[in-house]
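Data block below; observations after.
Lettering of chains follows the sequences in order, A, B, ..., and the numbering in each one begins at 1. Treat the numbers as computed from the prediction; the structure is a model and nothing was measured.
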Amino acid sequence: LAKTTQPISMDSYEGQEVNITCSHNNIATNDYITWYQQFPSQGPRFIIQGYKTKVTNEVASLFIPADRKSSTLSLPRVSLSDTAVYYCLVAGNDYKLSFGAGTTVTVRA
Amino acid sequence: ETGVTQSPTHLIKTRGQQVTLRCSSQSGHNTVSWYQQALGQGPQFIFQYYREEENGRGNFPPRFSGLQFPNYSSELNVNALELDDSALYLCASSVLTGVQETQYFGPGTRLLVL
């Protein structure tokens, strides 16, 4: 399983855009990049997934450069309810996910 | 809501005891994975079941075992509990089709071992 590296924490204010970059230098050809969000005492919640280039859904965008050795999760116009831990994962289609420590995002008023 | 439920929500056991945690997956999901999440850490993969057979295991001892049933429910059993087993236990269900798809996590069971 590819190892990922992401910042331990990030602070932001309501209405700002938050960008979290994840490094995954050893990503394999069949690995996808997936981001999860987790609130305290809850299970992780799927945010977005991609293989290359850019993916956008109703809550976030995921930017993946051509070499796929990193990815950036972009959360537009965050609110206080976006305060959570965000995990970057890379995995093939076997779902045996390897979570790192994640990035704790704190949104302030 | 992910459609994945777990029971109980909280549990207190003493060292040496045995525990069974339960998970009910989304209908049609043929794969269930179990994770252990210690306080302040990310979830760690315990094992995965696909069509009622173990389909991979993480770095956990044999006293962690599981079962998956045809009705999309599953169990995690832990024998000879140790203090370090105190954690949030998460199950996640998905459909293993050979194409990357999303895992859906349940809310977890908080286990405290005294």
Discussion item. Taking 4.5 Å as the heavy-atom cut-off, does anything in residues 99-109 of chain A contact chain B, and if so which residues?
Written reply: Phe99(A), Gly100(A), Ala101(A)
Discussion item. Taking OH in Tyr13(A) as the centre, count heavy atoms belonging to other residues, nucleotides or ligands within less than 6.0 Å. Is the count above 12?
Written reply: no
Response to the item:
Applying a strict 4.5 Å limit to non-hydrogen atoms, the region of Gln6(B) in contact with chain A is neither
Worksheet item: Is it the backbone or the side chain of Gln41(B) that comes under 4.5 Å from a heavy atom of chain A, or both, or neither?
Response: backbone
Worksheet entry | Gln103(B) vs Tyr36(A), side chain to side chain contact (heavy atoms under 4.5 Å, CB included): CA-CA, chis, key distance, verdict | CA-CA 10 Å; Gln103(B) 281 199 60; Tyr36(A) 282 84; 3.6 Å; yes
Item to complete: For Leu114(B), look at atom CG and say whether over 12 heavy atoms of other residues, nucleotides or ligands are found less than 6.0 Å away.
Response: yes
Worksheet, complete the sentence: Members sharing Leu76(B)'s hydrophobic cluster, built from side-chain contacts under 4.5 Å between Ile, Leu, Val, Met, Phe, Trp and Tyr, are Leu11(B), Val19(B), Leu21(B), Val32(B), Trp34(B), Ile46(B), Phe47(B), Tyr49(B), Phe60(B), Phe64(B), Val78(B), Leu81(B), Leu83(B), Tyr89(B), Leu111(B), Val113(B)
Discussion item. Nearest 0.5 Å, please: how far is CD in Gln37(B) from OG in Ser41(A)?
Written reply: 9.0 Å
Worksheet item: Honestly curious: do Phe39(A) and Phe105(B) fall in one hydrophobic cluster under the side-chain, below-4.5 Å linking rule?
Response: no
Discussion item. Counting neighbours of CG on Asn71(B) that are heavy atoms of other residues, nucleotides or ligands and sit closer than 6.0 Å, is the number greater than 12?
Written reply: yes
Worksheet item: Any link between Ile27(A) and Phe63(A) through a network of hydrophobic side chains (Ile, Leu, Val, Met, Phe, Trp, Tyr) touching at under 4.5 Å?
Response: no
Fill in: Single-linkage hydrophobic cluster Tyr50(B)~Tyr72(B), side-chain heavy atoms < 4.5 angstrom
no
Worksheet item: Closest heavy-atom contact between Leu90(B) and Pro44(A)?
Response: CD1-CD, 3.8 Å
Worksheet item: So how far is it from Arg45(A) CZ to Tyr104(B) OH, rounded to the nearest 0.5 Å?
Response: 12.0 Å
Worksheet item: Are more than 12 heavy atoms from other residues, nucleotides or ligands located less than 6.0 Å from atom CZ of Arg15(B)?
Response: no
Discussion item. Would a single hydrophobic cluster contain both Tyr86(A) and Leu80(A), if residues Ile, Leu, Val, Met, Phe, Trp and Tyr are joined by side-chain heavy-atom contacts under 4.5 Å?
Written reply: yes
Worksheet item: What are the two closest non-hydrogen atoms of Gln42(A) and Leu88(B), and how far apart are they?
Response: O-CD2, 4.2 Å
